[in-house]
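Have a look at the structure that comes next, please.
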Amino acid sequence: MKIAGSTALVTGANRGFGRHLAAELLARGATVYAGARNPDTVELPGAVPVRLDITDPASVAAAAELAGDVTLLVNNAGVSTGADLLDGDLAEIRRELETHYLGTLSVVRAFAPRIAANGGGTVLNILSALSWITFPQVGAYGAAKAAEWSMTNALRTQLAERGVRVAGLHVGYMDTDMAAHVTAPKSDPAEIARLAVDGIEADRYEIVADETSRQVLAGLSGGVAALYPGLP
C-alpha cells in the first residue's frame, strides 16, 4: 500500500500513540481524519478532526458517513482501567472488552465496506505484546487485547477476498500517558509509529515492533512453561 495519496482514519488520534501515528501519516503524504471523542482536543495541523466514540454505534456510523473516502483504517483507541480480574469492578473489565474488542469490531464493520468500495486498502489494529502474555496487574487489558488479536486473525481471512488487508501491530510499553506509571523500559512512540507505517507500506500482516514483543512471540512455541517460568 502507498501511504502518499491515501486517506486514513486514526481512532484515538488526539493524544498519545494515536497522535504520533496521525502525524507520521501526514508527514508521508496521507490525508488524515483524526478521530476523538472530543474533536476539539485534536491539535494536529493538517488533520481533519472527527467526532468518534468507538463504543457508541451512532457515533461510529456518523464517522463512516463523514469519512467515506478512507482507504486506511488505524484502530488505535483504547483504555486501560487496571481492573483486577478477581476483585476488580466488573464494569471496568467490561469497559475494556467493549472498547478493544467490540468497539474496534464496530469500527471495522462500518469502514471495511467503504474501503473495499474505494478500491481496497488496509486496516491496522494496534494490539500489544499483552495479546500473547499477561499478568495479574494487566489482566483485564490483556484479555481484551487477546480477544482483539483473535478478531484480527478472523477478519484478516474474511476481508482478504474483498481487497482489504488486515494487519496487527504488537508492541510493549510505550512512553505515553497510558504507561506513565510503568517503570520498565518504554519505546519512543514516534519511532513505533514510523515502524508501523513502514509495515503498512510493506503489506505486512503482522508488525512486531520492539524487542519485548519479539521475545514473547519467540516464547509462544514453548508453551506455559516458557511464558510463565515462575509458576510452581
Residues pairing under salt bridge (Lys or Arg N to Asp or Glu O under 4.0 Å) where one sits in residues 24-41, two or more places apart or in two chains, turn out to be Glu24-Arg28, Arg28-Asp198, Arg28-Glu201
Does Thr71 reach the main-chain N or O of Ser6 with its side chain, forming a donor-acceptor pair under 3.5 Å?
-> no
Nearest-0.5 Å distance, CG of residue Asn75 to OG1 of residue Thr99 = 12.0 Å
Report yes if some heavy atom in the side chain of Ile126 is under 4.5 Å from a heavy atom in the side chain of Leu21; otherwise report no.
-> yes
Residue pairs fulfilling side-chain hydrogen bond (donor to acceptor under 3.5 Å, both in side chains) with at least one residue in residues 77-91, sequence neighbours excluded | Thr81-Glu96
Candidate pair Leu85 and Ile93, rule side chain to side chain contact (heavy atoms under 4.5 Å, CB included), full reasoning | CA-CA 7 Å; Leu85 287 176; Ile93 297 170; 4.2 Å; yes
Of all the heavy-atom pairs spanning Gly12 and Ala77, show the shortest one and how long it is.
->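 Residues Gly12 and Ala77, closest heavy atoms: N-CB, 3.8 Å.
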Is the CZ atom of Arg214 crowded by more than 12 outside heavy atoms at less than 6.0 Å?
->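 Counting other residues, nucleotides and ligands, CZ of Arg214 exceeds 12 neighbours.
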Does Met151 belong to the same Ile/Leu/Val/Met/Phe/Trp/Tyr cluster as Leu102, with side-chain heavy atoms less than 4.5 Å apart forming each link?
->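 Same cluster.
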Euclidean distance, Thr122 OG1 relative to Met1 CE, rounded to 0.5 Å | 5.0 Å
Within residues 64-103 or reaching into it, pairs that qualify as ring pair (Phe, Tyr, Trp, His ring centres under 6.0 Å) - sequence neighbours excluded |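 Only His100-Tyr141 qualify under ring pair (Phe, Tyr, Trp, His ring centres under 6.0 Å).
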Verify same cluster id: Leu9, Ile54 (apolar side-chain graph, 4.5 Å) | yes
Worked check of side chain to side chain contact (heavy atoms under 4.5 Å, CB included) between Arg15 and Thr41 = CA-CA 8 Å; Arg15 63 190 179 95; Thr41 62; over 6 Å; no
Does Pro49 offer a backbone N or O that forms a donor-acceptor pair with the side chain of Asn14 under 3.5 Å?
-> no
Would Val74 and Val107 show up in the same hydrophobic cluster when neighbours are defined by side-chain heavy atoms closer than 4.5 Å?
-> no
Determine whether Leu105 and Val164 fall in the same hydrophobic cluster, where Ile, Leu, Val, Met, Phe, Trp and Tyr are linked whenever their side-chain heavy atoms lie under 4.5 Å apart.
-> yes
Is there any salt bridge (Lys or Arg N to Asp or Glu O under 4.0 Å) pair reaching into residues 116-136, and which pairs are they, with sequence neighbours excluded?
-> none
In this structure, CD1 of Ile200 is separated from CG of Leu72 (nearest 0.5 Å) by 5.0 Å
Measure the acute angle between the ring planes of His170 and Trp132, then classify it against the limits of 30° and 60° as parallel, tilted or perpendicular.
-> parallel
Does Arg156 CZ have over 12 foreign heavy atoms under 6.0 Å away?
->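 Buried by this count: over 12 neighbours within 6.0 Å.
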Please name the residue in the list Thr212, Asp175, Asp210 that meets the side chain to side chain contact (heavy atoms under 4.5 Å, CB included) test with Ser187.
-> Asp210
Short side-chain to backbone donor-acceptor contact, Thr152 and Glu148, under 3.5 Å | yes
Quick one: pull up CG in Leu127 and CD1 in Ile207 and give me the separation to the nearest 0.5 Å.
->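 Atom-to-atom, Leu127:CG and Ile207:CD1 are 10.0 Å apart.
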For Glu43, does the CD atom have more than 12 heavy-atom neighbours from other residues, nucleotides or ligands under 6.0 Å away?
-> no
Is Arg94 close to Leu97 at the side-chain level, that is, under 4.5 Å between some pair of heavy atoms?
->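 Contact flag for Leu97/Arg94 side chains = no.
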Could you tell me whether a side-chain N or O of Thr134 sits under 3.5 Å from a main-chain N or O of Leu130, the two making a donor and an acceptor?
->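 The answer is no, because no donor-acceptor pair under 3.5 Å joins these two groups.
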Listed once per pair and sorted, the salt bridge (Lys or Arg N to Asp or Glu O under 4.0 Å) pairs that draw on residues 54-66, sequence neighbours left out | Glu65-Arg114
When rounded to the nearest 0.5 angstrom, what is the spacing between CG in Leu25 and CG in Leu124?
->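 Atom-to-atom, Leu25:CG and Leu124:CG are 9.5 Å apart.
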Spacing of Leu227 atom CG and Phe135 atom CZ [to the nearest 0.5 Å] | 8.5 Å
Could I get the full list of side chain to side chain contact (heavy atoms under 4.5 Å, CB included) partners for Ala190, not counting sequence neighbours?
-> His20, Asp188
Is the backbone N or O of Ala147 less than 3.5 Å from a side-chain atom of Ser150, with the two atoms forming a donor-acceptor pair by type?
-> no
